[in-house]
Amino acid sequence: MIYEDYAIFTPGPVKMSDEILQVGAKQTPYFRNSEFSDVTFACENDLLDMVNAPEGAKVIFLTASGTAGMEAAVMNLLTHNDKALVVNGGGFGARFVDVCRTHSIPHTNFKVKDTNLSDIENLAPNDTHNALIVNAHETSVGLLYDLDVMGKYALKNDMLYIVDAISLFVTDPLDMQQSNIDVIIASSQKGLALPPGLTMVILSPKAMTKLQTINSLYFNFKDYLTNGERGQTPYTPAVTIMLQLEARLNQIKKRGGITQSIAKAKEVANYFRESIKNLPLKEYTPYLPNAMTALTPTDGKSAMDIVNALETNYKVMVCPNGGAERDVVFRVAHMGEMTKEYTDILIDALHDYYGVARP
Ligand SMILES: *Cc1c(COP(=O)(O)O)cnc(C)c1O
């Protein structure tokens with residue numbers, strides 16, 4: 001089933017701009033040459049700029065989905081002599097726990113609920129850890145953590161601070177230096193609004209000193225860094241998505257830069273939240289990112305029924321939750337090529353579904 005004529009508000013893949021789609025329609029060029037190296041260098045420089053990376057930071061480009069970035073970061077940076085504090089506030093936090101377990105990295109499964117950890121000092125288990133791992137925006141419940149406070153906590157306790165920023169990249173503030181972040185993981189199909197398949201791991205100089213010799217060929221970061229010196233990757237990269245990334249980063253700059261990109265996402269998110277205030281829907285958490293709004297019905301309706309009705313009757317795709325939350329929460333992304341006008345499609349559909357006029 002292809003949803004080409006549907007309005008999409010799913011948290012990845014997200015709506016792409018025509019400009020980016022056009023890059024994807026072209027023949028994929030050969031890449032072992034200086035022309036493509038220049039593309040890689042341009043992407044790396046823009047990405048580092050965008051997150052205010054410290055001097056000497058590097059970007060590793062992996063041809064894989066975001067989870068590979070999460071796993072590769074853990075594989076390359078932690079050993080069985082480390083102990084990681086893994087923030088687990090939902091499905092993606094649980095995935096980091098699985099990654100640590102899979103690679104036998106000692107860790108604490110730090111389960112949290114209804115907190116953005118601005119009080120991590122008091123909430124964290126009283127145990128010694130030398131790494132702090134978090135999904136900046138826990139996409140399964142639409143909750144944004146306090147990256148600054150956690151960074152101060154990591155710095156004070158001499159922890160390597162690994163942040164999966166996949167679902168807030170370019171929609172919410174992200175500053176490596178201000179938040180003392182050592183590692184950022186980003187991927188193509190969320191706020192960057194590109195096709196899935198490209199993942200970026202940004203390493204601070206401090207993170208680079210922790211790189212291990214690992215038992216993996218494809219995910220060996222040292223290889224990526226060596227090849228990166230000449231703007232290349234060890235194996236065939238997602239060439240077309242790299243070209244789309246270059247175009248997207250230029251697009252962001254042309255539109256006023258990252259600050260403007262974040263402001264736009266915030267404006268659209270606030271517009272959506274304001275426009276559905278008269279419906280029996282409540283925000284699932286007070287710690288909302290610009291990237292997404294997770295909603296819970298207040299009239300006893302099933303969230304899953306709403307998701308299905310939007311799809312079947314209005315050709316609008318939002319995202320259901322699974323498991324125990326299936327009937328309790330659904331999610332609306334504001335990532336990608338979003339405007340108020342486009343968001344009106346969903347706002348109107350919701351009002352029609354409830355039989356309530358828009359204010
Ligand atoms: C989407 C997402 C990922 C990546 O998932 P993949 O399906 O592997 O691309 C990782 N972390 C978070 C927080 C996400 O939202």
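The structure displayed is predicted, hence computed values, not measured ones.
A side chain to side chain donor-acceptor pair (under 3.5 Å) with Arg248 holds for exactly one of Glu246, Gln244, Gln251; it is Gln251. Paired with Lys83 under the rule side chain to side chain donor-acceptor pair (under 3.5 Å), one option of Asn130, Thr128, Asp127 passes, and it is Asp127.
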So Glu325 and Tyr284, side chain to side chain contact (heavy atoms under 4.5 Å, CB included) or not? Walk me through it. CA-CA 11 Å; Glu325 284 165 337; Tyr284 192 60; 3.4 Å; yes

Kindly indicate, with the supporting measurements, whether the criterion salt bridge (Lys or Arg N to Asp or Glu O under 4.0 Å) is fulfilled by Lys254 and Glu19. CA-CA 13 Å; Lys254 226 167 39 214; Glu19 192 182 341; 3.3 Å; yes

Kindly indicate, with the supporting measurements, whether the criterion salt bridge (Lys or Arg N to Asp or Glu O under 4.0 Å) is fulfilled by Glu274 and Lys277. CA-CA 5 Å; Glu274 280 305 312; Lys277 281 252 152 78; 3.1 Å; yes

Check against ring-ring contact (aromatic ring centres under 6.0 Å, His included), Phe9 and Tyr342: CA-CA 10 Å; Phe9 300 91; Tyr342 191 78; 5.2 Å; yes

If you apply the rule side chain to side chain contact (heavy atoms under 4.5 Å, CB included), what do you find for Leu198 with Leu62, and how did you get there? CA-CA 6 Å; Leu198 182 68; Leu62 293 173; over 6 Å; no

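Donor-acceptor pairing under 3.5 Å is recorded for the side chains of Glu138 and Ser140. A donor and an acceptor atom, one from each side chain of His137 and Ser167, are located under 3.5 Å apart. In this structure, a donor-acceptor pair under 3.5 Å is absent between the side chains of Asn227 and Thr233. Looking at Asn313 and Tyr353, their side chains never bring a donor and an acceptor atom within 3.5 Å of each other. A donor-acceptor pair shorter than 3.5 Å cannot be found between the side chains of Arg230 and Ser37. Counted by atom type alone, Glu283 and Thr285 present zero donor-acceptor pairs between their side chains at under 3.5 Å. If you check the side chains of Asp148 and Gln178, you find a donor sitting under 3.5 Å from an acceptor.
Taking the six-membered ring for Trp and thresholds of 30 and 60 degrees, Phe272 and His334 have ring planes inclined between 30 and 60 degrees apart. The aromatic rings of Tyr235 and Tyr218 lie parallel to each other, with less than 30° between the two planes, well short of the 60° mark.
In this structure, Arg101 pairs ionically with Asp98, as a charged nitrogen and a carboxylate oxygen lie closer than 4.0 Å.
Looking at every heavy atom in both residues, Leu85 comes nearest to Ala124 through CD2-CB, 4.1 Å. Shortest non-hydrogen contact noted between Lys340 and Val268 is N-CG2, 4.2 Å. Shortest non-hydrogen contact noted between Val39 and Met242 is CG1-O, 4.0 Å. Closest approach of Val141 and Ala294 over heavy atoms only: O-CB, 3.5 Å.
Residue Asn122 qualifies as enclosed at atom CG: its count of foreign heavy atoms under 6.0 Å is above 12. No more than 12 heavy atoms of other residues, nucleotides or ligands sit less than 6.0 Å from atom NZ of Lys266. For Asn215, the CG atom counts as loosely surrounded, since its 6.0 Å shell holds 12 or fewer non-hydrogen atoms of other residues, nucleotides or ligands.
For the pair Lys210 and Phe221, the cation-pi test (distance below 6.0 Å, angle within 45°) is failed.
Residues meeting the salt bridge (Lys or Arg N to Asp or Glu O under 4.0 Å) test with Lys222, sequence neighbours left out: none.
A 4.5 Å side-chain heavy-atom check between Ile262 and Val170 finds every atom pair outside the cut-off.
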